[in-house]
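Structure record follows, encoded as structure tokens.
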Amino acid sequence: MSHLTTDLFNSLYRKHYEQLFYYAYGFTDDAEVCRDILADVFESLWTHRKKITQETAHSYLYQCVRNKCIDYVRHQQLNRQYESFIKGTADTDTDMEPDATEERMQTVLECIDLLPPKTKLVLEECYFHNKKYKEVATALDISTNAVKKHIVKALSVLRERCRGTTDEKNS
């Protein structure tokens, strides 16, 4: 059981990159995202090369790609939920007064300001600055799971607070 050498790493890269690309593409349907995922996976392979053997490298690569693709898909689902939430609060009906739309957006921003500081920061970094969960996790020195939990918490709180606030104003 030999650990990965530079030559073996390069050989694995050449042998598996294209297959892994199409494997990731099946999850993401986005070539740029696939390239980013593969860059992260091969970086991880290199970083953990002393723990990985030639015999385990193949399954390690596929498992890492699968996990990163699932993380990406989950992140996209949260983005869609957030967009749907914002669209729902900003109601784009043509019969709605521009002032009412602006008022609803102001309500959403006020609700965001009421979030706990770290949750607010995570939400802003992910949605307003378009950073990936991994980038936010690294910057804040927390796990990507912690970032996900902050996002879920923020969206839940925003739904509750904004729904209650807009209901009060409409009655």
Side-chain angles (χ1 to χ4, degrees), residues 1-88 90 108-109 111-159:
M1 286 206 307
S2 62
H3 294 289
L4 297 182
T5 62
T6 305
D7 290 338
L8 187 52
F9 176 86
N10 290 335
S11 172
L12 286 167
Y13 182 87
R14 285 189 302 277
K15 180 179 179 183
H16 294 289
Y17 186 90
E18 187 174 351
Q19 293 169 324
L20 290 169
F21 178 89
Y22 288 111
Y23 180 62
Y25 195 81
F27 285 95
T28 65
D29 206 30
D30 185 325
E32 190 64 34
V33 169
C34 292
R35 284 189 280 279
D36 289 345
I37 287 172
L38 290 180
D40 289 347
V41 167
F42 278 102
E43 177 186 357
S44 176
L45 177 66
W46 182 252
T47 302
H48 297 99
R49 68 187 177 276
K50 292 182 178 165
K51 299 175 190 170
I52 299 169
T53 64
Q54 182 175 359
E55 294 79 20
T56 61
H58 175 82
S59 58
Y60 176 85
L61 286 169
Y62 276 88
Q63 189 65 43
C64 283
V65 168
R66 180 181 175 277
N67 291 342
K68 290 207 175 278
C69 288
I70 289 170
D71 288 345
Y72 171 79
V73 168
R74 285 183 182 148
H75 180 75
Q76 292 306 105
Q77 288 172 338
L78 281 174
N79 281 345
R80 284 191 293 278
Q81 287 176 353
Y82 182 72
E83 288 170 9
S84 167
F85 171 74
I86 292 296
K87 286 177 184 172
V108 171
L109 293 174
C111 289
I112 290 172
D113 283 340
L114 296 173
L115 291 171
K118 198 164 202 171
T119 301
K120 178 183 174 188
L121 178 62
V122 168
L123 180 76
E124 289 173 343
E125 290 298 306
C126 290
Y127 291 103
F128 299 141
H129 302 290
N130 297 319
K131 291 187 179 177
K132 293 181 180 178
Y133 286 6
K134 185 177 179 181
E135 291 175 297
V136 175
T138 302
L140 298 178
D141 196 29
I142 59 176
S143 71
T144 54
N145 279 337
V147 170
K148 290 175 194 173
K149 287 178 184 174
H150 280 290
I151 294 296
V152 168
K153 177 182 177 181
L155 293 177
S156 175
V157 168
L158 286 173
R159 254 185 234 110

Q) Given the rule in the side chain to side chain contact (heavy atoms under 4.5 Å, CB included) test, do Leu155 and Ile151 qualify, once you have shown the distances and angles that lead to the verdict? A) CA-CA 6 Å; Leu155 293 177; Ile151 294 296; 4.0 Å; yes
Q: Not counting sequence neighbours, which residues clear side-chain hydrogen bond (donor to acceptor under 3.5 Å, both in side chains) with Thr56? List them please.
A: Thr53
(Q) What I'd like to find out is whether the side chain of Val65 reaches to under 4.5 Å of the side chain of Leu61, using heavy atoms alone. (A) no
Q. Which residues satisfy the ring-ring contact (aromatic ring centres under 6.0 Å, His included) test with His58, sequence neighbours excluded?
A. His16, Tyr62
Q | Distance-minimising heavy-atom pair for Ala31 and Phe21 | A | O-CE1, 3.6 Å
**Q.** salt bridge (charged side-chain N to carboxylate O under 4.0 Å, His left out) partners for Glu18, two or more places apart
**A.** none
Q: Could you list the residues that satisfy side chain to side chain contact (heavy atoms under 4.5 Å, CB included) with Ser59, not counting sequence neighbours?
A: none
Q: Just do the side chain to side chain contact (heavy atoms under 4.5 Å, CB included) check on Trp46 and Ile52 with the steps written out, would you?
A: CA-CA 9 Å; Trp46 182 252; Ile52 299 169; over 6 Å; no
Q. Which residues satisfy the side-chain hydrogen bond (donor to acceptor under 3.5 Å, both in side chains) test with Asn67, sequence neighbours excluded?
A. Gln63
Q. Taking only residues two or more places apart in sequence or in another chain, which ones pass side chain to side chain contact (heavy atoms under 4.5 Å, CB included) with Cys64?
A. Val41, Tyr60
Q: Can you sort out the partners of Tyr72 under ring-ring contact (aromatic ring centres under 6.0 Å, His included), two or more places apart, ordered by chain and number?
A: none
In residues 112-127, what donor-acceptor pairs under 3.5 Å come from side-chain atoms, sequence neighbours left out?
from	atom 1	to	atom 2	distance (Å)
Asp113	OD1	Lys120	NZ	3.0
Thr119	OG1	His150	ND1	2.9
Glu125	OE1	Lys131	NZ	2.8
Tyr127	OH	Leu78	O	3.3

**Q.** Residues that Lys149 engages under side chain to side chain contact (heavy atoms under 4.5 Å, CB included), provided they are two or more places apart
**A.** none
Q.
Testing the basics here: between Phe27 and Tyr23, what is the closest heavy-atom pair and its distance to 0.1 Å?
A. CD1-O, 3.4 Å
Q) By ring-ring contact (aromatic ring centres under 6.0 Å, His included), which residues pair with Tyr13, not counting sequence neighbours? A) Tyr17, Phe42
Q: If a pair satisfies salt bridge (Lys or Arg N to Asp or Glu O under 4.0 Å) and one of its residues is in residues 42-52, list it, with sequence neighbours excluded.
A: none
Report all side-chain donor-acceptor pairs from residues 132-142 shorter than 3.5 Å, counting only partners two or more places apart or in another chain.
from	atom 1	to	atom 2	distance (Å)
Lys132	NZ	Asp36	OD2	3.2
Tyr133	OH	His75	ND1	3.3
Glu135	OE1	Lys132	N	2.7
Thr138	OG1	Lys134	O	2.9

Q. Which heavy-atom pair separates Cys34 from Ala24 by the least distance, and what is that distance?
A. SG-C, 3.6 Å
Q) Atom CD of Gln54 and atom CG of Leu12: how far apart are they, to the nearest 0.5 Å? A) 7.0 Å
